[in-house]
Amino acid sequence: MYIEKKQLRDFVLDSGLVSTADFTKAEKEAERSGASLGEELVKEGKISEDDLRRMQAYILGIPFVDLRNQKLDFDILSLIPEPIARANNIVAFRKTDKGLEVAMLDTSDLGAIDFVKKKVELKILPRLTNSESIKHVLLQYQKSLKAEFGDIIKKEASSVKTIKENAHDVSESDLKKMADDLPVVRIVDTLLRHAILQNASDIHIEQTEHEVIVRYRIDGILHDTMVLPNHVGPSLVARIKVLSSLRLDEKRLPQDGRFKVETESDKVSFRVSILPTYFGEKIVMRLLKENSHGFTLEGLGFHGKALEDIHSALRHTTGMILSSGPTGSGKTTTLYTVLDILNTPNVNISTIEDPVEYQMQRINQSQVKPEIGFTFASGLRSLVRQDPDIIMVGEIRDNETASLAINASLTGHLVLSTLHTNSAAGAIPRLLDMKVEPFLLVSTLNVVIGQRLVRRLSAQKEQYFMSKAELETLRKSADLDRVMNFLKVEKVLDGNIPWEKVPFHRPLKSDKDDGYSGRLVIHEVLHVTPTIKNLIIKGASSDELEDQAKKEGMMTMIEDGIFKVVQGITTLEEVLRVISD
């Protein structure tokens, strides 16, 4: 099923879609970059991905299918498990007497075809499709699974034994029996598997007076997932306590624990927090995919001068790189991505974290345990005696940790850490408040990254244009002239376009999709230049530091947010939701 370059060339040129000059140019660029000729033509905008797939299908003699507006039978769809479908871009859409028709992006992927054939024990009939069709079908997995899991949970919930109203009178042995009760085991397992498939970051299980509410946090937003009968609550708590090795009979004090779950495609660690409330115990579980990898700074959302400033700081062998922002703004993920870039065989990297969120090869990761005296400060003291080249400190929380981090960067180490501040410039006064000497700070600090996470628009979106009144309101929050300049410099827009003609984007919501999928960073990167150092020595405020950084080309978070809105990556509502003046 391989398409020769000559076949594609003849077909494309005969179709008249691409001129000979443009084709020759794309051919040379494809040879230089290592991309396929078809991919290069799509990248340069000469043909659409849909055109390319249809041409390939015609040349190969394989039918092309467009699944974007089709609702598939879940019994057919589920013949290929969702993780396999997602990993291999292959979905089952029709079953006939001749075999199972599957839609693929690459019909020459014989490994995927053989794998599916063994799973379903049917003859596989490959069909070509496009990436939008695959995305549309993968969404149907999520919605169908939610319905399927809901039915399973409701069925099992009706079988859970009701316990006496005063839960404090239940013995530990009775609680253990409740936790091992088969319906309870099935409910918890199903909730966990569903959360993993939905790509949730947290699971909330909340007991109210009359019911138990289950919510998932997906892309930073909490969604109601399930409502269960009130009597199921104590059994769920008992089951999760057993999984986390917590005390079953302790209901008056908060408890923290951890356990792991392995699926076909993921190894997930669940960090458990249990808090006593008026109507029972509330559970929050944070999902941490231990084998998460492959992040890039560009993939997270960094670009332009900000990206260059980070890479410049990474070329230093000493100094500090800080990531700042509130809880849940993606600071740790950014630092892990930086560590992945720095992680080469000729350096020794050690971390001290709370908790260890992702496990990374060839990096020595330690988790703080304050209850036995193993804090960030004591851990950092030990790390510097381990002959590290690069140190990551999960968070600078106090003056002792700040002083140790500064001293480590002064003595020949590159130090990475996070700080809770609202802006990149705000990190400097925060460190000075922790009694860090200004002359030490200017000797060590390389860059400060300020960031937030916004939801990424899915393919189902629409353009719109802002009125003059709306633009005037927006100008109160951001300098649109600066944003326009950045858009021109990075060639997102050409020429002098008035803002009234600049397209913005918003989601097309439906009962299947809220219009968002995944998250990305909006950022500002403060490069500590000689002029910034002089201002730090003079005790300048965060506003003065930010003004100077802007004069030197720093794009602020709100400006980067609007930049990404114009690119069609996110929405203005998302940007304004996460940034407060």
Notebook entry, point to check: Under 3.5 Å, is there a donor-acceptor pair between the Q451 and T334 side chains?
Noted result: yes
Check: Any side-chain donor-acceptor pair under 3.5 Å between T337 and D340?
Finding: no
Checklist line | Side-chain donor-acceptor contact under 3.5 Å, H420 with E395 | finding: yes
Note to self: Distance alone, cut at 3.5 Å: any donor-acceptor contact between the side chains of T401 and D398?
What the structure shows: yes
Next item on the list: Mark yes or no: R258 above the aromatic ring of F270, with NZ or CZ under 6.0 Å from the six-membered ring centre and no more than 45 degrees from the axis.
Entry: no
Checklist line | salt bridge (Lys or Arg N to Asp or Glu O under 4.0 Å) assessment of R577 paired with E574 | finding: CA-CA 5 Å; R577 177 179 69 83; E574 273 297 292; 2.8 Å; yes
Note to self: Between D354 and R397 (salt bridge meaning N to carboxylate O under 4.0 Å), is one present in this structure?
What the structure shows: yes
Next item on the list: Answer yes if the side chains of D543 and S541 hold a donor-acceptor pair under 3.5 Å, and no otherwise.
Entry: no
Item checked: For K564, the option from H523, R456, H505, E559 that meets side chain to side chain contact (heavy atoms under 4.5 Å, CB included) -> H523
Margin query: I'd like to check V578 versus L453 (side-chain heavy atoms, cut-off strictly below 4.5 Å). Are they in contact?
Written below: no
Item checked: Donor-acceptor pair between D219 and N199 side chains, under 3.5 angstrom -> no
Notebook entry, point to check: Do the side-chain N and O atoms of E298 and H303 include a donor-acceptor pair separated by under 3.5 angstrom?
Noted result: no
Checklist line | Electrostatic pair K241-E281, nearest N-O below 4.0 angstrom | finding: yes
Check: Will you find, in the side chains of Y516 and T570, an N or O donor that is under 3.5 Å from an N or O acceptor?
Finding: no
Check: Any luck finding a side-chain donor-acceptor pair between Q548 and E544 under 3.5 Å?
Finding: no
